[in-house]
There are 2 protein chains.
Amino acid sequence: MTRLAGSSKLLRAMNESALLELLLERGSLTRGELRELTGLSKPTVSDVLRRLTAAGLAVQVGQTSGGRGPNAEIYAANPAAGHAAAISIRETADTPRAMISTALCDLTGAVVAQAEASVDFGTEAGPAEVVATAVERLCREADIVPGQVQQVEIGLPGSYDPASRTIRHIDVPGWGRRGLIDDLAKRLDTTVTVENDVNLAAIAERSRGIAGDCDSFALVWFGEGLGLAIDLGGALIRGARGGAGEIGYIPVGLDQDARRTDLQDLLGGSAVLALASQHGLTDAATAASALASAAEAAVTSNADGANGTTGEAAGGRAAFLGALAARIAWALAGIAAIVDPALIVLGGELARAGGPLLADRVSAALRTISPLDTTIAVTGVSGDPVLLGALDSALRAVRNTLLTNLKNEVRAA
Amino acid sequence: MTRLAGSSKLLRAMNESALLELLLERGSLTRGELRELTGLSKPTVSDVLRRLTAAGLAVQVGQTSGGRGPNAEIYAANPAAGHAAAISIRETADTPRAMISTALCDLTGAVVAQAEASVDFGTEAGPAEVVATAVERLCREADIVPGQVQQVEIGLPGSYDPASRTIRHIDVPGWGRRGLIDDLAKRLDTTVTVENDVNLAAIAERSRGIAGDCDSFALVWFGEGLGLAIDLGGALIRGARGGAGEIGYIPVGLDQDARRTDLQDLLGGSAVLALASQHGLTDAATAASALASAAEAAVTSNADGANGTTGEAAGGRAAFLGALAARIAWALAGIAAIVDPALIVLGGELARAGGPLLADRVSAALRTISPLDTTIAVTGVSGDPVLLGALDSALRAVRNTLLTNLKNEVRAA
DNA sequence: CAAATAGAAAGTAAGACTGACTTACAATTC
DNA sequence: GAATTGTAAGTCAGTCTTACTTTCTATTTG
């Protein structure tokens, strides 16, 4: 970062930016509070607020009462000064159709419209058209025009390569087309960004989940595929080619067999399902449901001994839980040794099914193989973490744009 | 980062800071160049330079000539405005003594004193005393007083835990004492910092080695122990407890044997030496010398067929090289999958012995097990990377202190 | 109990201060 | 002579200090 130089115009822009940022962060503040927080004088705070209000960026939202002296005016960022849209594309296990969840929020973060639908991208109109229509529907519901949406963030299982202008590693039909995002951006006339779904879930984990006050944490995602997001002080590691967190490819075992195995073969959804049936849980349709029944059995047997279930089946369930925890711990040991996060969060269907019990077992297993006693926890986000993370990320981008625009107007003037 | 607000005093501090930073970065500049780089007006640049010169932070170092018009004055940061010292503590393999390398540089980064010695910390005075004496000797040599050294950075195989005020994971006698660094800081009356040696080598790799223009890179260090440093855009990952990069503990193999193996058992110095003797290289004293002879043999046999050495021995050497490369690639695959660095640098004695040949073999082996084609290279730092990295790091700290001090004087005034 | 009054805080107005900018100009070198 | 460096003088923008008005609460007083 080069330190910047400038004249009084820069100063004005900086002060406007600082005040707006405070309003965005804290919600609403009086002039006096702003004066204390910034160190600026009373007249200056009034001036800057006047300019922000005139520009439509701030509004007066009320007055204090009860205190001595006149009631202070309360200001807040203008909710209508910007909007952010989030789109989550999710493959479904049972059908060839994909789920598309969408949400729209204003500058304060309040969700003003939301929708969910099932789409077959193979037969219907192209992805750009589907997303554009969804955004337009959100706008109608929120009674704004699409031009007021400054940012659309799309979360999906894959990663965007800006060099080739394509989405990589995605299985949903139609989404691999080159230039798709450019077309969408042109169609909607806004900024459109694409982000890996696990990364977005990590953003939600920090802003709404269990990782709020961690310096750093890693989110390991257990779906059909295996995912990892690493958050260092709020910044995600994406990697040189967007490949950071592709831990499914980590080799396991040193080529003893002709067949090479990797982490995906050990902890992918079907691998876990296979592990469950090895332990006698043959009736589960998904890995998550197998784990849920195993976890339930473990809790029940703890509570009042073997009741109803045969000892053999209960033993199999406990062994399944233990074997799964050992495998997970083995994967976490590498992550812990390389980046040493303060916390590792387990996410995805499987982790939710396992609950705190799984976290405990994994934690115990990890302590036997790693000298770092990293905290292990299950995701604390309620709701769709990918959609919420996309909303947070888009909102942050919109706010940042507003704040830096204030500074850049220095040059234009 | 909270955006800051302020008045004209802040502006002045910012402009002073911006100009000084440019002088530090570019070495020397004329007023005209400063005007172009900052966008400030001619009188302002003159004013700011006058203030910096009066404060002893900048000096006029010459004049241009040959151009049309009067010769422009050339300014530079004042070399005497700050000094940084670096200390590298290195265990030696053959004796119980440790090596202590020291260097001192001025604000421009020019090394003004340097020394190296062998010390037995077990019998001689405590580490604090040894380091303090070494710094004082450097100061005498450079003809400055110790008070002019704003920062002393110590690099060693271990990590500093600020919470307990102790150095962790260090084998050199005396260095594990609690409060050692505080005592040293008090004794020298400067800031003293401790950093892991591999992290410092990574800093040197970026500033003087092969990783200068990478977005991100990982440095894997092959000594008796195994080390890893990860640099993301110039910032090192240290981990929540300073444990990032302790890859020796990564478990290998899923408990097939009763004995659990980890990466240290596979790639530590003695493990590599054992691997070499398995392949018939029984006469080497260290892993590095075994690899050097294997690499030399490979190059020679490439050049003009088997000459002198028996086919059997040559085959053993080639097989050793291949087996080692496979093991290294296996370790790198995990790192690549988790952080996806643009480049992985191999460092330490072993990597230097292996040279580009080793890098090629590792690269080829990695491509068979990882979908990311991460570039692999051998360290490009000549000289002692730990000492040079410590010098760079200390110098950066000194410069940063100067720059931020300029800003903080706003409050004092 | 009601009215008057003191006190405190919010916000504004006026003028001072600081720092950078623009314009103009002297000096220097090819 | 032309271009360039550096300075001097005066202007401009933005914030600060000080003083004042207004508004509301709490306390005192009849």
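Fair warning: this is a prediction, and the values are worked out from it, not measured in the lab. Throughout, a chain's letter reflects where its sequence line sits, starting with A, and its residues are numbered from 1. The figures here come from the full heavy-atom set of this structure, side chains too, leaving out hydrogens, waters and symmetry mates.
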| Donor-acceptor pair, A:E33 side chain versus A:T30 backbone, under 3.5 Å? | yes
| request: Starting from the C-alpha separation in whole Å, work towards a yes-or-no answer on side chain to side chain contact (heavy atoms under 4.5 Å, CB included) for A:T102 and A:V135. | output: CA-CA 8 Å; A:T102 59; A:V135 170; over 6 Å; no
| Should A:L107 and A:R399 be marked as a side chain to side chain contact (heavy atoms under 4.5 Å, CB included) after you check the CA-CA gap, both sets of side-chain angles, and the distance that decides it? | CA-CA 7 Å; A:L107 193 61; A:R399 290 177 169 187; 3.8 Å; yes
| Between B:S41 and B:R35, is any side-chain donor less than 3.5 angstrom from a side-chain acceptor? | no
| remark: Whether each nucleotide of nucleotides 3-11 of chain D has a protein heavy atom under 4.0 Å at its base (B), only at its sugar-phosphate (S) or at neither (-) is summarised, 5' to 3', as BBBBSB---
| message | Between the side chains of B:R3 and A:E25, is the shortest nitrogen-to-carboxylate-oxygen separation below 4.0 Å, so that they form an ion pair? | response | no
| After noting the C-alpha distance and the side-chain angles of A:E36 and A:R31, does the key distance pass the salt bridge (Lys or Arg N to Asp or Glu O under 4.0 Å) rule? | CA-CA 9 Å; A:E36 290 233 324; A:R31 287 188 230 241; over 6 Å; no
| said: Give the residues of residues 52-63 of chain B touching DNA chain C, defined as any heavy atom closer than 4.0 Å, sorted by residue number. | reply: none
| Charged N to carboxylate O below 4.0 Å: is that the case for A:R12 and A:D47? | no
| query | In terms of side-chain geometry, is the basic nitrogen of A:R238 or A:E195 positioned less than 4.0 Å from the acidic oxygen of its partner? | reply | yes
Could you list the protein-to-nucleotides 18-20 of chain C atom pairs, N/O on both sides, closer than 3.5 Å?
{"unit_1": "C:dG19", "atom_1": "OP1", "unit_2": "B:R12", "atom_2": "NE", "d": "3.3"}
{"unit_1": "C:dG19", "atom_1": "OP1", "unit_2": "B:R12", "atom_2": "NH1", "d": "3.4"}
{"unit_1": "C:dA20", "atom_1": "OP1", "unit_2": "B:N15", "atom_2": "ND2", "d": "2.8"}

| query | Does one side chain, of A:T193 or A:Q151, offer a donor that lies under 3.5 Å from an acceptor on the other? | reply | yes
